[in-house]
Asker: 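Would you mind keeping the following structure in view while I ask a few things?
Lettering of chains follows the sequences in order, A, B, ..., and the numbering in each one begins at 1. A quick note: this is a predicted structure, and the numbers were derived from the prediction, not measured. Values below: all heavy atoms of this structure, side chains included; hydrogens, waters and symmetry mates excluded.
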Amino acid sequence: MSSRSLRLLALGLGFAFLYGPILWVVAFSFNEGRLVTLWSGFSTRWYGELADNERLLDAAGLSLVVAMISASLATMLGALAGFALSRLGRFRGRGLLAGALGAVLTLPEVILGLALLLAFVSVDSWLDGPGRGAWTIVVAHTTLGMAYVTLVVRARLADFDRSLEEAALDLGATPPQVFLRVTLPLILPALGGGWLIAFMLSLDDVVLASFVAGPGATTLPMVVFSSARLGLNPQINALATIMVGIGAFAVLVAVWLFGRQERRR
Amino acid sequence: MNQGALAVEGLSKRFGAAAVLDNLDLAIGAGSFFALLGASGSGKTTLLRLIAGFEAPDEGRITLDGADLSGVPPYERPINLVFQSYALFPHMTVADNVAFGLRRDGLSGTELDRRVAEMLALLRLDGLGERKSRQISGGQAQRVALARALAKRPKLLLLDEPLAALDRGLREHMRIELKRLHDALGTTFVLVTHDQEEALALADRVALLDRGRLAQLGTPEDLYERPASLAVARFIGQINLMEGRVAATGETLTIEVPGLGAVQARSAPLSVGAAVVVGLRPEKIDLGPGDNAREATVTDVTYLGDQSVYRLALADGVELRTARPNRDGPVARPGERVTVSWPASASQVFPAGAG
Amino acid sequence: MRRLLVGLPALWLLVFFGLPFALILKVSLSQAVVGQPPFTPLFADGAFQGSLGNFALLLEDDLYVEAILASLGLAASSTVACVLIGYPMAWAIAGAPRRWRAPMLALVALPFVTSFLIRVYAWIGLLRPTGFLSELLQSLGLIDSPLALVPGSFAVAIGMIYTYLPFMVLPIYASLEKIDPMLSAAAADLGARPARIFWSVTLPLSLPGVLAGSLFVFVPAVGEFVVPELLGGPGTPMIGKVIWQEFFNNRDWPLASALAVMLLVLLAAPIALAQRSQAPTARGLG
């Protein structure tokens, strides 16, 4: 067998494995019947029922808000940390900062969730407030997201041509002007990509949210999870299809941003 | 426009334990085309960064037209730099790159447009202003970098290896362009390069740096014809070296070279008995009778198109190389016996053991 | 400026990462009680009340030891399977024409951003007794009775492989892409056939990518909760699930904390290794 056909085979099987299940979910979201294993005709009824599912819509709304806030916070904190780690050279606590961010990235979510919950509970009992709620989810997701944003920002700054900043200085730009007119525009795609990653992570997380959420604060993944535990449900298929669409769109935007940045180099 | 005189006084810069610049003094005349020449590690790049203001010296100071530049940040120095990598802002058009420095000076509107158009015309970049800076060729990028640096009408222009990234044909062209710009603007140009050919061809004065110190300062001819030390003679161009001892002094030096006997060389302040090294540029050796005539065997001929290089074996293992233009092809073949000679004034004598 | 750059993220991590971990350690040394918070204080009546009792309990009870072993075993076999599937994919992409590489990498990363939960959910439908795979195999006559893969360890492994495959493909691709194609040409010029070139040149040079990918799959897989919860049954007591159950179902926070500490100790070495090879994921994600 030629190298070319080997490659095609590897890709064909690999992508079939990756996309088969997703296609199955999408296909059965349009199934008429309640049984998600037996095709009984095309219908969009599950999308209709989805639109009437108050609990699910509320959770989706909360998830979006949490994801937006935590992604923005994570981008800000991650950008600062990324700059500190790649630009400040050696400083006290550098290893600790890098290590903590790396640990957030690799630790099992169960541990991170448990640790954060213990912290929230302790703070609550020390300060006699403020209680858990959606904000605790925001904090947890910000912590997770900033680790990813830092990674992306560091990667971008690592191959950033420092002479561009020196050229700007040389041409009369003060350091703040250099940052605003040269550095920021050039790392903007990385920041955008980082934000998107943090946003998707937040929108997807069930473990951290289940640990730290206060009563009443239920995110979309928490609803999906509790429903999936009970078994299959065509409404979940419909919801999944919508989410796959949004995710695909986000990746296209990210690829476009990244591609633009690549071509600039 | 008699501005742009730069003086370097007692400048030292250390990185860790290593002294990159060691108590350097240097004066660069206003309006000159000056070259800082040196191998990598000579400290020339550090000197460039100190002049531009990206680094601060450990000791000493730099003045421009008498004004001390110590503590003046790069964005307030009337000095601009053409980066080796050009460092064009990839997110801006060519025109925006050129306008960047002018905008920092507060220029806007028609005045800004006029100055940008003027620079684009000066560098023959008309019509490229709206291109993104990543959509132009290497030669064009070089000229945009020049236009951008010159747009601010600096008193002094620093050029960091400006021709290194260009291919041979373009390099020739750019040399002429740089000379033209220098003549037209009268700005002081300071070229930093490791390429001696570039320095000799462009600059009216060259400073050769060696391990953080000034090895020689002079015209290109000074450096080639009258090198201050054996190290300079070795760094600039090709040279044949013969060890010997001073046998007699006078109008010319008589030097006893083992195997060759007494050789006449250019006068130098040396006393009889001193161990010396005689340097002889290959093109100054004649194939034929004359002063200092010796018999030799051609051992190798390297054909280079415009010229050929001959390797000659003299008595007692002394070896010389000479180059002749190929007017009618090579003038000798390997194995041929020839007579070589050279005038006493063609040789340079250095004390042995120094460099 | 410097202070802001370092200070703000450092402060955040101190409060929301450092403190929580100190608390896990603390709580793991206390005992469960009914109340709020549901664990005994570490210092009471002016004396240290902590004990290693929870850890002793964990080591004595076969349930926990088995859970840890099962987690390590499942994570290891999922990692190996990821290498077997992911390496050929990365190799195929690295060998594709340049303009196809970015879109194909995007295709590898795309499932990443289509909800993880949904992707695991999909396998419930595909692997359960009345699911797609079972029906397909029955209609082909390969099996007589419905195939019950969900719940089960096999399904959990499939779910893990499926979830973490991109983590494997991207670092391997990054290391394959860095290999100078002239090296293969040189090997061919010296008389090596394609298979020999692969074994002697390509594979050894891509091992750092394989190692990085393996760590990125293995570490999170050991502590995975969602996959075993949805695809595994009572027969697959993975440690992530056990922590969750101790915490939510039994409300034994100290025991859950002690389990978390044990998991951390187990994963410390692979996590430290993974930290050193983070660069490839940055490329993959950015």
Asker: Please classify the contact of B/Ile79 with chain A as side chain, backbone, both or neither, using a heavy-atom distance under 4.5 Å.
Answerer: backbone
Asker: To the nearest 0.5 Å, how far apart are CG in A/Leu171 and CG in B/Asn97?
Answerer: 8.5 Å
Asker: Counting only non-hydrogen atoms closer than 4.5 Å, does B/Phe89 touch chain A with its backbone (N, CA, C, O), its side chain (CB onward), both, or neither?
Answerer: both
Asker: Of the non-hydrogen atoms in A/Ala167 and B/Arg148, which two are nearest, and what is the gap between them?
Answerer: CB-NH2, 3.4 Å
Asker: So how far is it from A/Leu186 CG to B/His91 NE2, rounded to the nearest 0.5 Å?
Answerer: 4.5 Å
Asker: If you count heavy atoms of other groups shown closer than 6.0 angstrom to CZ of A/Arg181, is the number above 12?
Answerer: no
Asker: side-chain contact (heavy atoms from CB on, under 4.5 Å), that's the test. Do B/Tyr75 and A/Val178 meet it? Break it down for me.
Answerer: CA-CA 10 Å; B/Tyr75 46 90; A/Val178 174; over 6 Å; no
Asker: Pick one of side chain, backbone, both or neither for A/Arg162, based on which atoms fall under 4.5 Å of a heavy atom in chain B.
Answerer: neither
Asker: Does any heavy atom of chain A fall under 4.5 Å from the side chain of B/Arg103, the backbone, both, or neither of them?
Answerer: neither
Asker: Evaluate the side-chain proximity of A/Asp161 to B/Ser85: yes if any heavy-atom separation is below 4.5 Å, no if none is.
Answerer: yes
Asker: Which atoms of A/Gln177 come close to chain B, meaning under 4.5 Å heavy atom to heavy atom: side chain ones, backbone ones, both, or neither?
Answerer: side chain
Asker: Need one label for A/Asp170: side chain, backbone, both or neither, based on atoms under 4.5 Å from any heavy atom in chain B.
Answerer: both
Asker: Tell me if the CD1 atom of A/Ile242 is crowded by more than 12 foreign heavy atoms within 6.0 Å.
Answerer: yes
Asker: Determine the minimum heavy-atom distance between B/Leu88 and A/Leu164, stating which atoms define it.
Answerer: O-CD2, 3.2 Å
Asker: Counting only heavy atoms closer than 4.5 Å, note whether B/Leu102 contacts chain A via side chain, backbone, both or neither.
Answerer: neither
Asker: Do other residues, nucleotides or ligands put more than 12 heavy atoms under 6.0 Å from A/Arg87 CZ?
Answerer: yes
